[in-house]
Participant: 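Questions regarding the structure given below will be posed in turn.
For clarity, every value in this text was computed on a predicted model and none was experimentally measured. Residue numbering restarts at 1 for every chain, and letters A, B, ... go by the order of the sequence lines.
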Amino acid sequence: MDSKLYIYNTLSREKEIFIPIHPKHVGLYVCGPTVYGDPHLGHARPAITFDLLFRYLTHLGYRVRYVRNITDVGHLENDADEGEDKIAKKARLEELEPMEVVQYYTDRYHQFMDELNVKKPSIEPRASGHIIEQLQVVDTILNKGYAYESNGSVYFDVAKYNNDYHYGKLSGRVIEDLLNATRSLDGQTEKHNSFDFALWKKASPEHIMRWPSRFSDGFPGWHLECSVMSAKYLGDEFDIHGGGMDLLFPHHECEIAQSTIANGKMPAKYWMHNNMITINGQKMGKSLGNFITLEEFFTGSNSLLSMAYSPMTIRFFILQAHYRSTVDFSNEALQASEKGLVRLMDAVNNLNKVKPSNSSSFDVNMFKEKCYAALNDDLNSPVLISHLFEAAKAINSMIAGLMMITADDLEKLKTLVGLFVFDILGLKQTVAETNANNEVLNEVVSLLLKLRGEAKANKDFVTADKIRDELLKIGFVIKDGKDGATWELK
RNA sequence: GGUCGGUUGGCCGAGUGGCUAGGCAGCGGUCUGCAAAACCGCGUACGGCGGUUCGAAUCCGCCACCGACCUCCA
């Protein structure tokens with residue numbers, strides 16, 4: 001528990017030691033997906049980053065309440081008009097209920113997160129399920145004088161807030177600069193200042209998701225849900241707030257302003273932001289249209305992909321970069337990750353083949369220390385992985401008889417490798433590897449390998465190679481070693 | 001235009017003042033009937049220019065290039 005975990009706090013722009021507000025408990029809030037499109041690689045990054053954090057904090061013994069929201073309000077518009085076009089009419093008849101769209105993409109998101117072995121959060125609240133709470137906060141902020149009503153909408157008064165508090169403390173924005181960056185936007189005329197943001201927005205006719213309120217039929221502002229739901233489930237003040245770097249401004253800045261007025265407190269102590277995934281050096285995002293969905297990765301069905309990549313390859317690829325760095329997608333990089341992952345997993349499986357000796361030439365305690373040090377240093381998963389590769393090399397050397405390990409140390413090593421690879425990094429064995437542990441299959445293949453061994457002993461290499469080649473065709477890779485052949489499924 | 005961040009060997013990607021990150025690819029070797037795997041060895045990288053220092057990829061300054069945010073976006 002006295003782990004000395006340091007995390008980089010965007011608020012201070014420094015790594016800070018993590019000390020929970022309530023000992024032994026951690027409140028973690030992460031901005032989840034807006035469910036109006038298929039999940040893509042960009043969605044995988046924060047999910048995996050904060051999954052790693054969730055897993056590690058849990059391992060350290062904290063009771064973690066992890067809240068990750070589903071944004072299902074405010075993005076759906078009805079583009080149908082009153083034209084007589086038959087196709088348009090049919091489209092309208094077959095049109096999906098907004099909640100159908102939400103349900104569909106929520107399910108898709110869950111499906112792909114499961115495949116990536118991302119643990120479910122403790123609570124996954126939906127914005128649409130918290131309209132009443134959001135309206136209550138609108139009232140609170142209005143009553144405190146930091147919001148104004150304008151033509152059925154309610155806006156947060158940023159200028160007033162900035163007089164009394166500090167708008168921009170998270171993002172480093174200066175309000176005067178924001179004024180200079182003015183652009184013409186819809187609804188501008190309703191706002192006192194361009195940087196004011198909506199708490200409640202009156203729905204225009206084409207908006208199909210709408211709720212009644214004393215201001216108008218409308219929907220809550222874009223930033224309000226996170227302030228409301230984090231406070232509801234984690235309290236006015238909680239430990240860690242996470243999300244993508246692109247949400248830093250304005251989303252999180254606005255959240256801070258709202259929560260500060262509504263609850264009188266900074267909502268979160270530590271703010272963590274994962275960086276973007278780039279493609280050809282550019283951010284992969286919905287608006288740029290350069291995203292590759294997770295389904296496309298898993299099936300290889302995208303012209304940018306030279307092959308399909310397994311969920312674990314994607315997970316490992318993301319974990320091989322530090323979460324605050326951009327990570328550039330390329331087929332070459334992904335294939336390198338895939339091969340590396342196979343090498344690592346092979347070594348993990350090889351642990352069972354290691355025979356203990358009387359002494360150890362591998363320092364298990366040092367290995368353990370280095371692994372924890374990497375995680376404690378702002379979740380440095382790439383460094384942790386580099387240590388795991390060193391352990392992999394050591395394991396293979398033990399099998400080759402070049403290194404030794406005592407039975408005690410071997411047990412420790414098995415426990416540690418299992419802990420870091422499976423529990424904390426959240427990697428898992430492929431279906432093929434799981435099949436390889438099937439006893440019946442094991443005996444059948446062993447029988448074939450035994451026959452091949454006999455053929456080899458008789459210098460009948462034609463038969464030996466035939467067995468090997470035929471097995472390879474089915475998907476078995478045969479590896480000859482000092483003490484006979486071993487196999488694995490590709 | 002403003003704010004912030006980045007530029008590391010063939011590719012990806014750690015590293016923040018001196019000590020081999022790691023993975024992939026490549027080359028040489030060991031092992032093997034051959035192959036694969038594994039192991040051993042090799043490459044001697046830090047955008048440019050200047051400064052600080054005994055010593056800088058790492059600190060400071062200037063320049064170049066790239067990106068993020070400023071608008072929905074993970």
Participant: By the 4.0 Å heavy-atom rule, please label A/Q282 as base, sugar-phosphate, or nothing.
Facilitator: sugar-phosphate

Participant: Any strand is fair game: report the nucleotide pairing with B/A68 by Watson-Crick or G-U wobble, both distances under 3.5 Å, or none.
Facilitator: B/U3

Participant: Where the side chain of A/F461 is defined as all heavy atoms beyond and including C-beta, which of B/G33, B/C24, B/U3 is the nearest nucleotide?
Facilitator: B/G33

Participant: Check the orientation of A/H273 and A/W271. Use parallel for under 30°, tilted for 30 to 60°, and perpendicular for over 60°.
Facilitator: parallel

Participant: If a protein heavy atom is under 4.0 Å from the base, mark B; if only from the sugar-phosphate, S; if neither, -; do that for nucleotides 37-43 of chain B going 5' to 3'.
Facilitator: BSSS---

Participant: Using 4.0 Å as the upper bound for N to carboxylate O, is an ion pair formed by A/E390 and A/K370?
Facilitator: yes

Participant: Please lay out, stage by stage, how A/F298 and A/F112 fare under the test ring pair (Phe, Tyr, Trp, His ring centres under 6.0 Å).
Facilitator: CA-CA 10 Å; A/F298 299 165; A/F112 290 113; 5.8 Å; yes

Participant: Remember a base hit wins even if backbone is also touched, and classify A/G42 as base, sugar-phosphate or nothing at under 4.0 Å, heavy atoms.
Facilitator: base

Participant: When you check every protein heavy atom under 4.0 Å of nucleotides 7-19 of chain B, what one-letter string (B, S, -) results, 5' to 3'?
Facilitator: ----SSSSS----

Participant: For A/D239, which residues count as a salt bridge (Lys or Arg N to Asp or Glu O under 4.0 Å) partner, sequence neighbours excluded?
Facilitator: none

Participant: Hey, does the side chain of A/N302 reach the backbone of A/I292 with a donor-acceptor pair shorter than 3.5 angstrom?
Facilitator: no

Participant: Using residues 463-472 of chain A as the side-chain source, report each donor-acceptor pair under 3.5 Å to any protein atom, sequence neighbours left out, with the distance given to one decimal.
Facilitator:
unit_1, atom_1, unit_2, atom_2, d
A/T463, OG1, A/D460, OD1, 3.0
A/T463, OG1, A/D460, OD2, 2.5
A/E470, OE2, A/K473, NZ, 3.3

Participant: State the pairing partner of B/G47; accept Watson-Crick or G-U wobble contacts with both distances under 3.5 Å, and report none otherwise.
Facilitator: B/C63

Participant: Looking at A/K120 and A/F54, what are the two nearest heavy atoms and their distance?
Facilitator: O-CE2, 3.7 Å

Participant: Checking all strands, does A/Q335 fall into the base, sugar-phosphate, or nothing category for heavy-atom contacts under 4.0 angstrom?
Facilitator: nothing

Participant: Which residues pass the ring pair (Phe, Tyr, Trp, His ring centres under 6.0 Å) test with A/Y323, not counting sequence neighbours?
Facilitator: none

Participant: State whether A/Y36 and A/K286 meet the cation-pi test: NZ (Lys) or CZ (Arg) under 6.0 Å from the six-membered ring centroid, and within 45° of the perpendicular axis.
Facilitator: yes

Participant: How would you label the contact of A/M245 with the nucleic acid (heavy atoms, under 4.0 Å): base, sugar-phosphate, or nothing?
Facilitator: nothing

Participant: Can you classify the ring geometry of A/H251 versus A/H223 as parallel (below 30°), tilted (30 to 60°) or perpendicular (above 60°)?
Facilitator: tilted

Participant: Any luck finding a side-chain donor-acceptor pair between A/Q111 and A/D107 under 3.5 Å?
Facilitator: no

Participant: When you measure from the side chain of A/R173, which nucleotide among B/C34, B/C70, B/C4 comes out closest?
Facilitator: B/C70

Participant: Regarding B/A36, can its base be found pairing with the side chain of A/R468 as donor and acceptor, where the two atoms are less than 3.5 Å apart?
Facilitator: no

Participant: Which parts of residues 302-316 of chain A get close to RNA chain B, meaning a heavy atom less than 4.0 angstrom away?
Facilitator: none

